[in-house]
Amino acid sequence: MNLSDLDRRITGCRACPRLVAWREEVARTKRAAFADWTYWGRPVPGFGPADAPLLIIGLAPAAHGANRTGRMFTGDRSGDVLYEALYDVGLASQPTAVSADDGLELYGVRITSPVRCAPPANKPTPEERDTCRSWLVDELAVLRPTLKAAIVLGGFGWQAALPAFAAAGWAVPRPRPVFGHGVRVPLDGLDLFGCFHVSQRNTFTGKLTPAMLRDVLRTAAGAAGLPTAP
């Protein structure tokens with residue numbers, strides 16, 4: 001299996017009735033500011049090169065962000081924060097992400113999430129998380145030959161990612177490591193990093209500052225063997 005085939009399979013998934021109903025309802029009703037958009041309204045595949053040594057794992061697509069644009073963290077405030085930081089440290093070609101055809105490129109980084117459909121109130125259920133896990137496991141298996149480091153954004157993503165790494169063949173410590181910002185967990189041949197999520201709640205309150213995010217990105221890029229800007 002290659003990533004193109006996997007991405008096509010992901011976009012056709014209808015396994016979670018609540019998520020299917022929500023993502024499609026949002027795509028029909030839209031937000032007034034995006035009334036002229038044709039919403040994606042499907043599961044969102046990962047974004048970035050197939051030979052990426054660094055992976056960033058989020059939570060789930062935003063209803064009027066990736067569920068609208070069809071690309072991870074594209075078209076919402078969380079993505080604005082993430083892509084500006086990636087650009088500043090030299091891992092993205094531009095600081096903005098507004099649409100899937102805006103020319104943005106990632107350098108050695110792939111972005112994905114453990115839940116592929118936009119959930120109501122940005123809160124997937126544990127059952128939906130577990131149902132969706134197989135897609136992340138398959139993606140990790142494809143990336144494994146080049147993957148050297150991964151950043152997990154937030155505690156929900158951390159809880160979803162650890163079993164996925166284990167299922168994809170990495171030796172995850174027992175008991176499972178606890179999430180925290182700046183936590184670094186060595187797996188066999190891969191360093192796993194925790195980072196507060198780039199949500200508006202975290203960035204507006206200062207729980208996650210631009211400097212904190214850039215520090216994690218630079219450290220993880222170093223572990224992955226990627227050069228970064230000063």
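Atoms considered below: every heavy atom in the structure, side chains included; atoms not considered: hydrogens, waters and symmetry mates. Worth saying up front: this structure is predicted, and the values here are computed from it rather than measured.
- Between Lys148 and Asp191 there is no salt bridge, since no side-chain nitrogen of the basic residue lies less than 4.0 Å from a carboxylate oxygen of the acidic one.
- In this structure, the separation between CG on Asn2 and CG on Asp7 is 9.0 Å, given to the nearest 0.5 Å.
- Contact check on Glu139 versus Arg110 returns a salt bridge, with a Lys/Arg side-chain nitrogen under 4.0 Å from an Asp/Glu carboxylate oxygen.
- Here the side chains of Asn122 and Leu59 are not in contact, with every heavy-atom distance at 4.5 Å or above.
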Can you check side chain to side chain contact (heavy atoms under 4.5 Å, CB included) on Arg116 and Leu19, steps first, answer last?
CA-CA 9 Å; Arg116 305 302 176 124; Leu19 297 187; over 6 Å; no
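- Counting all heavy atoms, side chain and backbone alike, Pro119 lies closest to Pro61 at CD-O, 3.6 Å.
- A donor-acceptor pair under 3.5 Å is formed between the side chain of Asp102 and the backbone N or O of Val98.
- A cation-pi arrangement, defined by a distance under 6.0 Å to the six-membered ring centre and an angle within 45 degrees of its axis, is present between Arg68 and Phe34.
- Using a distance-only test at 3.5 Å, with no hydrogens or angles considered, no donor-acceptor pair links the side chain of Thr209 to the main chain of Gly206.
- With rounding to the nearest 0.5 Å, the separation of CG in Asn67 from OG1 in Thr74 is 12.5 Å.
- Looking at Val26 and Arg23, their side chains never come closer than 4.5 Å, going by heavy atoms from C-beta outward.
- Hydrophobic cluster membership is shared by Phe73 and Leu55, with clusters built from Ile, Leu, Val, Met, Phe, Trp and Tyr side chains linked at under 4.5 angstrom.
- Tyr39 is not connected to Val20 by any chain of hydrophobic side-chain contacts under 4.5 Å among Ile, Leu, Val, Met, Phe, Trp and Tyr, and they are in different clusters.
- For the residue pair Ala149 and Phe193, the shortest heavy atom distance occurs at CB-CE1, 4.2 Å.
- One distance of note links OG of Ser113 with CZ of Phe47; it measures 14.0 Å at 0.5 Å rounding.
- For the atom pair CD (Glu127) and SG (Cys16), the distance works out to 7.0 Å, reported to the nearest 0.5 Å.
- Under a cutoff of 6.0 Å and an axis angle of 45°, Arg144 and Trp170 form a cation-pi pair.
- Residues Phe165 and Leu140 meet the side-chain proximity criterion, which asks for heavy atoms closer than 4.5 Å.
- Listed by first then second residue, pairs satisfying side-chain hydrogen bond (donor to acceptor under 3.5 Å, both in side chains) with a partner in residues 26-37 read Glu25-Arg28, not counting sequence neighbours.
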